[in-house]
Amino acid sequence: MAAIELVDLKKNYGSVPAVKGIDLSVSDGEMIVLVGPSGCGKSTLLRMIAGLESVTSGHLRIAGKDVGSVEPADRDIAMVFQNYALYPHMSVRQNLEYGLKNRGFPRQDIERRVAEAAAILEIEPYLERRPRQLSGGQRQRVAMGRAIVRNPAAFLFDEPLSNLDAKLRVQMRVEIRKLQKRLGTTSIYVTHDQLEAMTLADRLVVMNGGRIEQIGTPIEVYERPQTLFVAGFIGSPPMNLIDVGQADDVDWGELPPQTGVVGVRPDAVCTAPMTEGIGLSGVVELIEPIGGESHVHLLLNGGQALIASVPGKAGVAEGDRVNWHIDRADLHCFDKSTGRRTD
Amino acid sequence: MRSRSIIGIAPLLAPVHVLILSVIVLPSLYVVWLSLNESSFGQAPTFVGLQNYIDVITDPAFRSALWNTVLLVVVAVHIELALGLGMALLFAGGLPFRRFLLVAVLAPYAVSEVIAVVMWRFLFDPDVGPVTLMLQSMGLPILDWSFEPSHAMILIALLTIWLHLPFTFIILYAARLAIPSDLYEAARIDGATAWQAFKRVTLPLLGPAIVVALLFRYIFAFRLFSEVWLLTQGGPARSTEVVAVYLYQEAFSYNAFGTAAATAWIMVLASLLLGAGYVFILRRQVSANANA
């Protein structure tokens, strides 16, 4: 177990920058999730930490040691790959043993570690099988087993759940979190799924275009997104971002200077009568009932689209004219040109 | 229901069956019958039992031809495999000008055997061949293949390796490219050296492709004919003769169709044995390697 520190870490492919100066400290035992859209540099960053990609400039320290030019095997990290990367011609046991054998662990030690890992992950019945004889979820466990047998300083997860079906993904997500808490191993987890990111992270790192947009606990990031990008990326359905200049029939009241865009979470829209607050009137275009709540798509009078998340059945019909509102405290204000938060 | 559907399908399958029957099965059976008879032009076949087989097997010329064939097959196919594997790994590891080099490597396969032999005869001509002159200018011994049987064998082996290397290479290269790169990344993180990764990841996963490439090349190489016939015609003094050349001589120089037919069947059995034995050994190695 160890802390990981990235200082102004950069990666260029030829003249194209992929990672543009990342500063990040991961404390011992912490679970950090890197989240962002495809091509934001999160996987590249993870592979740099693993040593599978070279570092163009900057410093990378694991347990205080600068490992920027150290071979992956000597960084004391373990990685779980998106496609599991299990050796198809080896049994589960051999897959788990391989890294230990290469490092010259004594036979007894290898057997003990494999037995422990297999017990933790409940894969003992499959130890003599080949990966192709296992289901997706079982393969995922073996891939994690291969990581934990080594008892490394850190786990690196590269979108490990993206090949699983939705139900299994939720189940494995919970298991990964439990396992990480139980072992207390520093972990860096890459995903583009913001729900996965929110539920797994001690701290969330939202990336975009090779840079960090925001670092914080999932709740911090959700409640106070620091940039327009984060506001639009985190949350489902996404935050409504409304151009103040175009929605001129809405009385926004006193907004902080430079505010060009306001953000409204769908669940902040209030359908009950309210004396104070900001009125939003428009026409119901579409209602998506999803059980416990409904997503109501409104077309505001100024022409902007807005999604409201309403508990239970919506109580309105498509084509209805509604006058809903939001509490002023639920407004998120952003500078349109810089994308920065202004309140 | 099932039998009725077979009756319905039969007319549709019949053309293929007729074709296979007429060009493979019937000629093979005819050759079996022929090999049990003594036969030549203007002479009614007379049944001689297994005498043709005994004659062929006891013929010193056949034994020498068989020995030459096995030697060439074993040496050429294995050198080819080693070269093809090395090149496939080199290409997969990333080379500059890869497209151009790929074309260059595959080019010999597009050259007709006859033209290839003419080219090589010229290149290695003992008097004026560019390769000969180059070897001489460097003070190295030349390949005197038109006179020295062992030199002729070396030239035949070189030529057949050059001609067929693209086949072995392309099979192994395709198989190597099919190995996912994250396995190598996992192996790097697992602390495997390049050699360990080759031994425990590349080689076992290439195993099936190696077996296929070897099997095909064994069968092709065993019927080696044009390289030898066009280069030396089996000479000097039948010393570089291979089994296919022996067969050709029996059938079309001596018009002994019975012994030629017997030779053909001995060839089939010998290449089957060689191929099957090899595949068996290799399959065991591959699975043993995976289980070690």
Side-chain angles (χ1 to χ4, degrees), chain A residues 43 46-54 67 70-91 93-105 110 128 130-132 139 142-147 149-150 152-160 163, chain B residues 81 85 88-89 92-99 171-214 279-292:
Chain A
S43 276
L46 189 79
R47 292 166 58 81
M48 286 163 80
I49 298 170
L52 298 172
E53 298 281 353
S54 62
V67 293
V70 172
E71 270 296 298
D74 302 326
R75 293 190 181 195
D76 198 17
I77 45 97
M79 186 149 167
V80 179
F81 292 84
Q82 182 172 1
N83 298 314
Y84 320 128
L86 299 176
Y87 309 114
H89 55 292
M90 297 184 197
S91 68
R93 183 188 295 283
Q94 290 164 339
N95 265 284
L96 298 182
E97 285 174 346
Y98 189 59
L100 302 174
K101 275 188 176 171
N102 285 334
R103 288 179 168 74
F105 277 71
I110 292 178
E128 306 311 324
R130 295 281 167 93
R132 67 168 170 275
R139 284 181 210 184
V142 178
M144 288 200 295
R146 189 166 62 177
V149 280
R150 295 232 323 271
F155 293 143
L156 306 177
F157 296 91
D158 188 6
E159 308 210 17
N163 282 356
Chain B
L81 181 73
L85 183 60
L89 297 183
L95 276 180
F97 314 112
R98 201 176 54 177
R99 276 162 193 266
I171 288 186
L172 297 180
Y173 183 47
R176 169 59 188 82
L177 289 186
I179 301 178
S181 59
D182 56 6
L183 285 187
Y184 290 99
E185 292 175 347
R188 272 180 79 188
I189 290 178
D190 272 341
T193 60
W195 168 246
Q196 280 170 328
F198 170 75
K199 213 174 69 172
R200 297 304 306 275
V201 179
T202 310
L203 211 52
L205 293 178
L206 282 186
I210 291 175
V211 171
V212 169
L214 270 180
V279 168
F280 178 73
I281 292 167
L282 206 94
R283 278 189 62 151
R284 229 179 29 183
Q285 275 177 347
V286 167
S287 63
N289 206 356
N291 290 326

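All values derive from a computational prediction rather than experimental measurement.
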May I ask you to name which of Ala143(A), Gly51(A), Ala50(A), Pro88(A) has the most heavy-atom pairs under 4.5 Å with chain B?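 When all of Ala143(A), Gly51(A), Ala50(A), Pro88(A) are compared, Pro88(A) has the most.
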Residue from Asp74(A), Asp158(A), Leu86(A) scoring the most non-hydrogen pairs under 4.5 Å with chain B is Leu86(A)
Report the C-alpha distance between Arg200(B) and Met90(A) in whole Å, list the side-chain angles of each, state the deciding distance to 0.1 Å, and finish with yes or no for side chain to side chain contact (heavy atoms under 4.5 Å, CB included). CA-CA 9 Å; Arg200(B) 297 304 306 275; Met90(A) 297 184 197; 4.0 Å; yes
Test Leu156(A) against every option in Ile77(A), Leu52(A), Val80(A) by the side chain to side chain contact (heavy atoms under 4.5 Å, CB included) rule and name the one that passes.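 Output: one option passes, namely Ile77(A).
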Under the salt bridge (charged side-chain N to carboxylate O under 4.0 Å, His left out) test, residues paired with Asp190(B) that sit two or more places apart: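 Salt bridge (charged side-chain N to carboxylate O under 4.0 Å, His left out) check on Asp190(B) returns Arg150(A).
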Contacts of type salt bridge (charged side-chain N to carboxylate O under 4.0 Å, His left out), residue Glu159(A), not counting sequence neighbours: Lys42(A)
Checking [X] against chain B: side chain, backbone, both or neither under 4.5 Å from a heavy atom?
X         : answer
Ala78(A)  : backbone
Leu100(A) : neither
Tyr87(A)  : both
Glu71(A)  : side chain

Evaluation steps, side chain to side chain contact (heavy atoms under 4.5 Å, CB included), between Gln196(B) and Val201(B): CA-CA 8 Å; Gln196(B) 280 170 328; Val201(B) 179; over 6 Å; no
